[in-house]
Amino acid sequence: MEKIQLIAILISFAYLFLVCVLIIRKKLREEFALLWLFFSVLLIVFSIWRSAFLHIAQLLGVYDPPNIIFTSAIGLICFYLLHLSIVASKLLKENKQMAQKIGTLEKALNELIQEKNSSL
Amino acid sequence: MRILVVIPCYNEQDAILNVVSSLLEAKANIKSAEVDYLVINDYSSDKTKEILIKHEINHLNLPINLGIGGAVQSGFLFAVDNGYNACIQMDGDGQHPADQINKLIAAYVSSGAELVIGSRFIGEESFKSSYLRRIGINYFRHLIKLLSGIEIFDNTSGFRLYGRKAIKLFAKDYPDEYPEPETILVIAKNNWVIEEVSVQMEARLTGTSSIGGFSSYYYMLKVTLGLLFTYLRKY
């Protein structure tokens with residue numbers, strides 16, 4: 001085993017450990033937690049089984065195996081960023097809805113209080 | 001003793017009236033506790049809200065859709081703030097039989113359990129469920145037994161009663177999705193008593209189960225990991 005592979009394996013396990021600690025401390029929402037667990041296991045698999053990339057590259061007819069890593073990593077990151085944007089958009093929309101609801105409620109409440117005070 | 005029946009509902013315009021009226025009927029026969037109810041309307045997009053207002057049903061409208069976990073949790077918050085001793089969770093689709101809540105209450109009064117599960121499998125006349133679902137439930141039964149030593153037969157039943165300590169805990173922190181098996185383990189890890197009583201359940205009146213097809217695999221994976229991480233947490 002080369003040094004770099006040992007380092008890759010160690011980092012992958014450290015990453016998995018970090019994800020697990022975050023889940024146990026409830027810092028990650030469950031659906032996100034599943035995804036990060038999946039990625040950390042994937043990292044471990046590929047750092048141990050290095051020739052996997054060669055096989056995949058051969059299968060797909062890619063000339064330079066490392067290209068597979070870069071292309072798929074960038075692809076996955078793009079999709080995940082898009083997903084995060086969707087989540088953020090939903091949160092912003094819901095945040096606006098809640099603010100509007102609170103505003104309306106406060107107005108109704110103030111009117112009730114005024115009505116009550118004036119009838120005393 | 002005061003008990004709050006929490007009824008989460010999302011797009012249940014066809015079922016909610018029957019659910020509430022059967023609950024009111026059942027409530028009249030219960031002498032051992034004062035039973036109130038609260039419908040949580042989880043931002044339904046159909047006529048649920050109008051129906052709740054028109055028929056003067058005690059309800060709470062959420063300003064955004066939180067999903068089943070968040071909706072039920074709103075009920076727990078209300079129960080804690082208003083000094084209820086226990087909460088019963090009953091689905092808004094008519095699947096949970098209101099006339100059986102006295103069984104949950106009786107078990108709670110006699111055992112002081114923090115969790116009483118209305119089970120479809122202990123009794124002889126139980127709900128028929130699909131083969132795949134049976135496998136899932138048996139698998140969770142073994143997993144929960146392995147992790148906590150407690151054997152619960154109908155671990156996915158959402159028809160249950162929580163005691164005051166459990167409500168206080170879950171008002172702060174409750175799983176967003178598929179909370180049923182995970183909450184059993186949380187109660188067990190706190191060394192609180194769990195009771196399982198047999199109830200008869202009907203097939204759902206309207207709508208479809210939240211679990212089926214591809215999502216059943218996601219469900220199994222999600223709940224398995226949820227149980228394992230709950231096991232690792234300190235309570």
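Each chain gets a letter, A, B and so on, in the order the sequences are listed, and its residues count up from 1. The figures here come from the full heavy-atom set of this structure, side chains too, leaving out hydrogens, waters and symmetry mates.
Counting only residues at least two apart or on different chains, the ring-ring contact (aromatic ring centres under 6.0 Å, His included) pairs with a member in residues 66-92 of chain B are B/Phe76-B/Tyr162, B/Phe76-B/Tyr174.
Counting heavy-atom pairs closer than 4.5 Å to chain A, the top residue among B/Asn65, B/Leu221, B/Asp173, B/Thr230 is B/Asp173. Of the listed residues A/Lys93, A/Arg25, A/Glu94, the one with more heavy-atom pairs under 4.5 angstrom with chain B than any other is A/Glu94. The candidate with the highest count of non-hydrogen atom pairs below 4.5 Å against chain B, out of A/Gln100, A/Lys101, A/Gln97, is A/Gln97.
The two residues B/Arg233 and A/Ile24 come nearest to each other via the heavy atoms NE-O, 2.8 Å. The two residues B/Pro63 and A/Met98 make their nearest non-hydrogen contact at CG-SD, 4.0 Å.
A 6.0 Å sphere centred on OH of B/Tyr43 holds no more than 12 heavy atoms belonging to other residues, nucleotides or ligands. Atom CZ of B/Phe229 has more than 12 neighbouring heavy atoms from other residues, nucleotides or ligands inside a 6.0 Å radius. Atom NZ of B/Lys49 is surrounded by 12 or fewer heavy atoms from other residues, nucleotides or ligands within 6.0 Å. Within 6.0 Å of the OH atom in B/Tyr217, the count of heavy atoms belonging to other residues, nucleotides or ligands does not exceed 12. For A/Lys96, the NZ atom is loosely surrounded, since the number of other residues' heavy atoms within 6.0 Å does not exceed 12.
To the nearest 0.5 Å, atom CG of residue B/Leu225 and atom CZ of residue A/Phe38 are 12.5 Å apart. Note that the CG atom of B/Leu232 and the CD1 atom of A/Ile23 stand 10.0 Å from one another [nearest 0.5 Å]. Interatomic distance, CD of B/Glu177 versus CZ of A/Arg29, reported as 6.5 Å (0.5 Å rounding).
Proximity to chain B (any heavy atom under 4.5 Å) is restricted, for A/Leu37, to the side chain, taken from C-beta onward.
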